[in-house]
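Chain letters run A, B, ... following the sequence lines, proteins first, then strands; residues in each count from 1. Any value given below was found using the heavy atoms of this structure, including those in side chains, with hydrogens, waters and symmetry copies removed.
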Protein chains: 2
Amino acid sequence: MSNADEQTGPAVTGSVAHRVPDLGALELLLAVARLGSLGGAARELGITQPAASSRIRSMERQLGVALVDRSPRGSRLTDAGALVTDWARRIVEAAEAFDVGAQALRDRRDSRLRVAASMTIAEYLLPGWLLALRAQRPDTAVSLHAGNSAAVAERLLSDEADLGFVEGLSVPAGLDSAVIAHDRLIVVTAPGHAWARRRRSLAAEELASTPLILREKGSGTRQVLDAALGGLARPLIELSSTTAVKAAVVSGAGPAVLSELAVGEELAMRRLVSVPVEGVALARDLRAVWPTGHRPTGPARDLLSLTRG
Amino acid sequence: MSNADEQTGPAVTGSVAHRVPDLGALELLLAVARLGSLGGAARELGITQPAASSRIRSMERQLGVALVDRSPRGSRLTDAGALVTDWARRIVEAAEAFDVGAQALRDRRDSRLRVAASMTIAEYLLPGWLLALRAQRPDTAVSLHAGNSAAVAERLLSDEADLGFVEGLSVPAGLDSAVIAHDRLIVVTAPGHAWARRRRSLAAEELASTPLILREKGSGTRQVLDAALGGLARPLIELSSTTAVKAAVVSGAGPAVLSELAVGEELAMRRLVSVPVEGVALARDLRAVWPTGHRPTGPARDLLSLTRG
DNA sequence: GTTGCTCATAAACCCAGCTTATGCCGCCAT
DNA sequence: ATGGCGGCATAAGCTGGGTTTATGAGCAAC
């Protein structure tokens, strides 16, 4: 009760935006870490040195932690500052992916490369590819449309797109394709779930007989799973987005089957655990596609070669 | 030459912060997506409806994309809006991890749980654990210090910390421990590297005879690698941070050996590719540690149980 | 000493985002 | 039909955080 300025919600709940420095400040911090000087970082970002100084200072005040050791001949990160900078880098990287994706979403007539992609690929893979493409060919303007396989095929065939990406079992008619990667559906649980401690693989029938958290019928993921199990997947709940499914699994509601792409980050952070399965064909190809005979050239070729390495 | 406001750098280079909506706007967008109404989202975030309306509108103007379909009885995301929202969610999640980590870094005397952790664990794993802990026990104040194994041990033994986390081959004297996860060093290359296409495992001597991008001698990762290879690791370059090593590998400079934790996200996004190796012991345990005899209780026990699931 | 780098402080300015106050539209229950 | 309610948009006015310019002070190398 010593604090009076708290009327809504319990404890520290509330928008995180007021507790996290804005992107400009985080970017500035990364520049300071890299260049070893406030003024240098300021120059790189096109602001003046006092602006940088004040911004770092207000960030330290906001966080309640000293981030940089200033000296008359440069600035170095404190130990806490190094850790904060690492966490900040993840935010900025996510922002870069957002940026390059959002730029591609904007309909521009001058696009030199028009891409059509399935939702999953557009969401998880494409931003990384576009960043790599921008690094190689900085002035390639890209436009992006996301949709299901049929929509991708339609855009390609009506010459509204130069290159497409689809995931799934079959290639739409009229298109040539190249496999660029493999995706697997994997069984995931919260780290606390009994399956998380298994050492032996799960048998197919065990998976089929256990109620799972699933996407609604008709979703791509659900189709592949049902096909692999023979139409038997038993729902514990059905949810309408991959995000909702992930949240339910993390909260311990039960196991789910999701694309490796969708849960890669959660697995890396150990928020989810993957359970080995045997005897079920849960692999599917990710393919680049283009109209039959029209081999990608120019920017499309550049992007294609990036996706395959 | 049609643009006059361009004096430094080529093309669209420059701080991403001006091209990406700020965290508050992204959080608002997520709330709109979840609640299906601008006003509802505004209420949840504690602002007025016109503020939300104006903010979404200016975000749409900034991105040049319509995000929300407004109707007199609610708002739904457009297709592009759904994609943008997915990308935005990654930024906000990174910001939440930043927030919970930064709060723990602040030295607070009233902390009910004092944690000491190695850098790698503090950077990659701890924010997730702290978020889970906050979800379970919202009013547990946590403080965090990061350092090497010896520093962690010292803080525990001098009763400046209640629970520690270390990675490495041995447990410091005077501490009890529990293995909470396993980490492996893995060989990674850019997707374009020759090794990325290998199907057969790499032999130990092949790894030892190839120049690698390495952390400097004395780093934990380097020690484990040298031990596993018998002190033979041959440097192509030596860099002083994991981040720098990753950047070098992504840019195609050569292969490196890094902790699975450090590259998990890059692998998921296919920015890096892992190369299987055989005959080399690159595994190490991640351990929770505490002073011998003093089994963790209270908040420390809560956190410990989260880390093991 | 002088030059050149570093960072800090102070004062003035500007704009993004906020609130309050209003209006319009469509649905639903009376 | 006719309120009433919930949803969104517009307009006007305020505030504060981040910016710039201008200046000062510490330390190093010449």
Under-3.5 Å N/O pairs linking protein and nucleotides 26-30 of chain D:
unit_1: D:dG26; atom_1: N2; unit_2: A:Pro72; atom_2: O; d: 3.4

Report task. Have a look at the helix from C:dG1-D:dC30 to C:dT30-D:dA1 and give the angle its two end axes make, five pairs each, rounded to 10 degrees. Result -> 20°
Report task. Using whole Å, report how far CG of B:Leu23 lies from P of C:dG17. Result -> 13 Å
Report summary line: Separation of C:dC18 atom P from B:Leu45 atom CG, nearest Å, is 10 Å
**Report entry** B:Glu154, CD: over 12 other non-hydrogen atoms inside 6.0 angstrom
**Finding:** no
Requested in this report: With side chain to side chain contact (heavy atoms under 4.5 Å, CB included) as the test, would you mind laying out the steps for A:Arg90 and B:Tyr124 before giving the verdict?
Outcome: CA-CA 10 Å; A:Arg90 307 175 78 81; B:Tyr124 294 102; 3.4 Å; yes
Query - Value in whole Å for how far the C1' atom of D:dA11 lies from CD of B:Gln49 - result: 13 Å
**Report entry** Side-chain N or O of B:Thr48 closer than 4.0 Å to phosphate OP1/OP2 of C:dC18
**Finding:** no
Report summary line: Taking C:dT19, C:dG17, C:dT9 as options, the one with an atom nearest any side-chain atom of A:Arg57 is C:dT9
Query - Heavy atoms of other groups near B:Asp79 CG, more than 12 under 6.0 Å - result: no
Requested in this report: To the nearest Å, give me how far apart CG (B:Leu28) and P (C:dA16) are.
Outcome: 18 Å
Query - Residues in contact with DNA chain D, drawn from residues 35-43 of chain B - heavy-atom cutoff 4.0 Å - result: B:Ser37, B:Leu38, B:Gly39, B:Arg43
Query raised in the report: Quick one: is C:dC7 close enough that its OP1 or OP2 comes under 4.0 Å of any side-chain N or O from A:Ser75?
Result: yes
Requested in this report: For A:Thr140 and A:Arg134, test the side chains for any donor-to-acceptor distance below 3.5 angstrom and give the result as yes or no.
Outcome: no
**Report entry** Nearest-Å distance for atom pair CD/P, residues B:Gln62 and C:dC15
**Finding:** 17 Å
Requested in this report: Return the value, rounded to whole Å, for the distance between atom CD of B:Glu60 and atom C1' of D:dC8.
Outcome: 13 Å
Requested in this report: Check the distance between C:dC15's P and B:Arg55's CZ and give it to me in whole angstrom.
Outcome: 19 Å
Query - A:Leu125 and A:Thr120, any side-chain heavy atoms less than 4.5 Å apart - result: no
Query - Closest listed nucleotide, where the reference is the side chain of B:Asp22 and the choices are C:dG17, D:dA9, C:dC18 - result: C:dG17
Report task. Take the protein atom CD1 of B:Ile56 and the nucleotide atom C1' of D:dG7, then report the distance between them rounded to whole Å. Result -> 14 Å
**Report entry** Atom of A:Ile213, atom of A:Ala253 and distance for their closest heavy-atom approach
**Finding:** CD1-CB, 3.8 Å
Query raised in the report: OP1 or OP2 of C:dA8 sitting under 4.0 Å from any side-chain N/O of A:Arg70?
Result: yes
Query raised in the report: Do B:Arg34 and B:Glu44 pass the salt bridge (Lys or Arg N to Asp or Glu O under 4.0 Å) test, and can you show the C-alpha distance, the side-chain angles, and the key distance before you say yes or no?
Result: CA-CA 11 Å; B:Arg34 184 156 30 82; B:Glu44 183 175 89; 3.0 Å; yes
Query raised in the report: For C:dT6, does either OP1 or OP2 sit under 4.0 Å from a side-chain N or O belonging to A:Ser71?
Result: no
Query raised in the report: Among A:Leu35, A:Asp86, A:Thr85, whose side-chain contact (heavy atoms from CB on, under 4.5 Å) with A:Leu30 holds?
Result: A:Thr85
Query - Non-hydrogen side-chain atoms of A:Glu216 and A:Arg222 separated by less than 4.5 Å - result: no
**Report entry** Options C:dC18, C:dC7, D:dT20, nucleotide nearest the side-chain atoms of B:Ile47
**Finding:** C:dC18
Report task. Nearest-nucleotide wise, let me know which of A:Ser54 and B:Gly46 is further upstream toward the 5' end of DNA chain C. Result -> A:Ser54
Requested in this report: Output the single nucleotide from D:dA11, C:dA8, D:dT19 whose closest atom is nearest the side chain of A:Ser53.
Outcome: C:dA8
Query raised in the report: If you look at every heavy atom in A:Val142 and A:Ser111, which pair is closest and at what distance?
Result: C-OG, 4.0 Å
Report summary line: For B:Ala95 and B:Leu23 the tightest heavy-atom approach is CB-CD2, 3.8 Å
Report summary line: Of all heavy-atom pairs linking B:Glu123 and A:Trp87, the shortest is O-NE1, 3.1 Å
